[in-house]
Amino acid sequence: MLDHRMLRENLEHCNQRLRVRDPELDLSPFRDLDQKRRQLLQEEENLKKERNQVSQEIARAKREGEEAGDKIEEMQRVAGRIKELETERREVEKEWQEFLDWIPNIPAEGVPPGADEEENQEVKRWKEPTSFAFEPLPHWELGEKLDIIDSRRGSKVAGSRFYFMKNEGALLERALTNFFLDYHRRHHSYREVVPPFMANRDSMFGVGQLPKFEEDMFRVENNGFYLIPTAEVPLTNLHRDEILEEEELPVKICSYSPCFRAEAGAHGRDTRGIIRQHQFNKVELVNLVHPDQSFAQLEILVGEAEKMLELLELPYRRVVLCGGDLGFASAYTYDLEVWLPSSDKYREVSSCSNFTDFQARRIGLRFRPAEGGRSQFLHSLNGSGLAVGRTVAAIIENFQDEKGQVHIPPVLHDYMGGVKIIG
RNA sequence: GGAGAGAUACCCAAGUUGGCUGAAGGGGCGGGUUUGCUAAACCUGUAGUAGGGGAUCUCCCCCUAGCGAGGGUUCGAAUCCCUCUCUCUCCGCCA
């Protein structure tokens with residue numbers, strides 16, 4: 001959510017910046033709605049002021065045994081008028097609010113223009129794509145051969161885009177999860193939590209998942225909860241409607257969670273393998289920081305995620321998302337993409353974003369400056385550190401040998417109970 | 001699932017015959033007096049916030065809202081009515 005006062009004063013400028021996302025975006029209806037709302041509000045409040053005053057007079061008159069019939073009669077009319085104005089104002093305000101709810105965050109300076117992921121900018125590359133002296137197999141074939149991934153039975157038990165991890169595959173999934181969590185906790189000073197895996201509407205709205213992405217989520221029918229599409233939802237909402245002390249910042253929270261995604265618009269995409277599933281595991285990192293620090297913190301955050309790939313020795317690149325590919329709430333996003341031989345390209349395993357005060361404003365998340373004074377909205381960031389399922393796929397594919405065995409990266413050996421090779 | 005109790009400011013806690021109570025009283029915190037320092041005592045200040053307006057526009061003034069949330073009754077609601085949420089206690093069930 002944008003600050004509507006800032007919007008009022010800089011409407012044209014904001015609109016211009018937002019066109020980096022969408023050249024069609026038009027904020028002009030806001031001006032009228034805002035003006036109308038304020039006008040109605042002023043009229044209403046003036047009458048309320050009058051009502052409050054006269055009610056006091058009526059109270060005094062009654063106490064002293066005087067007649068106040070004419071005043072009461074007058075106030076009956078005023079009360080009626082207030083009710084009318086209130087109704088009208090609420091209608092306008094609703095429209096005003098809804099308009100505001102649908103405006104995405106303003107892209108930061110440096111976000112490249114562009115319509116979709118084709119125009120994201122590569123800014124870094126670590127290790128060259130894996131080369132093979134033989135024909136490498138895709139992870140779904142290897143996974144089946146090694147009996148560590150079972151999509152067929154996943155479909156049987158749940159449906160398409162579900163799978164079982166089995167045997168050393170299940171072990172690898174768990175090892176990665178633990179490795180990620182341990183590393184972030186020990187070396188990047190994260191506080192670890194286990195969050196709810198469902199959340200309510202307010203929480204979904206708070207991070208910007210609603211109102212725009214309703215169809216991307218699973219909703220529980222009998223109570224209206226949503227299955228979280230990412231742990232970002234509970235983690236960012238953890239301190240909702242709270243005022244933190246500046247000394248507490250930055251607050252760094254991490255957790256593992258399963259992520260549930262409807263993948264409504266993805267028919268036919270990535271139908272083979274475990275790259276795009278309705279449920280996958282992810283370790284998520286959330287930072288709540290001072291507004292002056294958020295862009296510096298984003299560099300740290302993306303570095304924390306990159307560290308995971310480097311320790312696993314997986315080739316990756318870092319891209320800056322262009323305006324058209326930027327998430328609704330984000331002002332600036334880096335994606336980390338791991339090399340996936342079966343796709344013959346890099347695939348996203350982490351997305352690290354600075355949301356500036358966009359989520360904080362929706363969520364009511366402030367801090368009190370150390371030197372005193374008014375509390376203000378802080379900045380929120382998050383990043384995957386990392387998506388576990390896709391990392392598993394990357395390990396299987398990048399570290400296979402000509403015998404169809406998979407070599408486990410050394411950093412995971414202890415976590416794998418000594419298993420160094422699958423197969 | 002059944003039966004009760006509750007939700008008031010940073011915390012505890014009065015207030016439910018509707019009207020100088022936007023909120024008594026504690027505690028805590030800020031400031032001050034006394035004091036060699038500490039402690040203690042005394043005095044004093046303590047809605048944060050949201051929205052709107054004004055201004056000598058980074059912090060000042062005015063107004064509106066705000067006693068769990070949302071509606072309603074009334075000239076006027078913390079107080080009366082309805083709906084919802086959450087917390088606690090007992091019973092039942094359960095990982």
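The basis for the numbers below is simple: all heavy atoms, side chains too, and nothing from hydrogens, waters or symmetry mates.
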Under-4.0 Å side-chain N/O to phosphate OP1/OP2 contact, A/Arg51 with B/U64: no
Which atom of A/Leu288 lies closest to which atom of A/Ser380, heavy atoms considered: CD2-CB, 3.9 Å
Rounded distance in Å between the P positions of B/A77 and B/G66: 8 Å
Length of the CG-C1' vector between A/Asp202 and B/C84, whole Å: 13 Å
Check: A/His139 main-chain N/O paired with A/Glu397 side-chain donor or acceptor under 3.5 Å: yes
Pairing residues for A/Phe399 by the ring pair (Phe, Tyr, Trp, His ring centres under 6.0 Å) criterion, not counting sequence neighbours: none
Phosphate OP1/OP2 of B/A65: any A/Arg89 side-chain N/O under 4.0 Å: no
Strand RNA chain B in bracket notation, Watson-Crick/G-U under 3.5 Å with | for pairs to another chain: ((((((((.[[[..)...(.....]]]((((((.......))))))..((((((.....))))))..[[[[[..)....]]]]])))))))....
Sugar-phosphate only, base, or nothing, as touched by A/Leu41 at under 4.0 Å among non-hydrogen atoms: sugar-phosphate
Inter-nucleotide C1' distance (B/C90, B/G76), Å rounded: 42 Å
Pairwise C1' distance, B/G2 and B/A65 [rounded to whole Å]: 40 Å
Sugar-phosphate only, base, or nothing, as touched by A/Arg90 at under 4.0 Å among non-hydrogen atoms: sugar-phosphate
Nearest heavy-atom neighbours spanning A/Val251 and A/Arg191: CG1-NH2, 3.7 Å
Residues that A/Pro112 engages under side chain to side chain contact (heavy atoms under 4.5 Å, CB included), provided they are two or more places apart: A/Gln121, A/Val320, A/Cys322
Residues A/Asp34 and A/Arg38 bridged, charged N to O under 4.0 Å: yes
Nearest-angstrom distance, P atom, B/C20 to B/U79: 14 Å
Sugar-phosphate, base or nothing in reach of A/Arg60, heavy atoms under 4.0 Å: nothing
Separation of B/G52 P from A/Lys36 NZ (nearest whole Å): 17 Å
Length of the CG-C1' vector between A/Leu100 and B/A50, whole Å: 14 Å
Sugar-phosphate only, base, or nothing, as touched by A/Arg8 at under 4.0 Å among non-hydrogen atoms: sugar-phosphate
Check: A/Glu45 side chain, B/G51 base, donor-acceptor under 3.5 Å: yes
Side chain of A/Ile58 (C-beta onward), nearest among B/U49, B/G52, B/G19: B/G19
Interatomic distance, A/Lys49 NZ vs B/C75 C1' [rounded to whole Å]: 18 Å
Nearest-0.5 Å distance, CZ of residue A/Phe30 to CD1 of residue A/Ile103: 6.5 Å
A/Glu44 vs A/Arg5, nearer the 5' end of RNA chain B by closest nucleotide: A/Arg5
Atom pair distance, as rounded to whole Å: CZ in A/Arg77 and P in B/U74: 16 Å
Between B/A39 and B/G48 - P atom distance, rounded Å: 28 Å
A/Arg185 atom CZ, over 12 foreign heavy atoms within 6.0 Å: yes
Integer-rounded Å distance: B/G48 P and A/Phe367 CZ: 18 Å
A/Arg366 side-chain proximity, nearest of B/C63, B/C20, B/A50: B/A50
Nearest-Å distance once atom C1' is located in both B/G32 and B/U89: 47 Å
Value rounded to 0.5 Å, distance of CZ in A/Arg219 from OH in A/Tyr226: 4.5 Å
Contact under 4.0 Å: A/Lys48 side-chain N or O vs B/C75 OP1/OP2: no
Nucleotide B/A65, atom P - distance to CD of A/Glu43 in whole Å: 16 Å
Candidate nucleotides B/G52, B/A65, B/C20, ranked by approach to the side chain of A/Asn52 - the nearest: B/A65
5′-ward residue of the pair A/Gln42/A/Phe377 relative to RNA chain B: A/Phe377
Nearest-nucleotide pick for A/Lys62, side chain only, options being B/G52, B/U64, B/G19: B/G19
Same-atom distance (P) from B/C81 to B/U87, integer angstrom: 25 Å
Sugar-phosphate only, base, or nothing, as touched by A/Asn46 at under 4.0 Å among non-hydrogen atoms: nothing
Polar side chain donor-acceptor pair, A/Tyr316 to A/Glu310, under 3.5 angstrom: yes
Nearest-Å distance once atom C1' is located in both B/U8 and B/G1: 32 Å
Presence of A/Arg38 side-chain N/O under 4.0 Å of B/G51 phosphate oxygens OP1/OP2: no
B/G52 OP1/OP2 closer than 4.0 Å to side-chain N/O of A/His4: yes
Distance, rounded to the nearest Å, where A/Glu74 contributes CD and B/U74 contributes C1': 17 Å
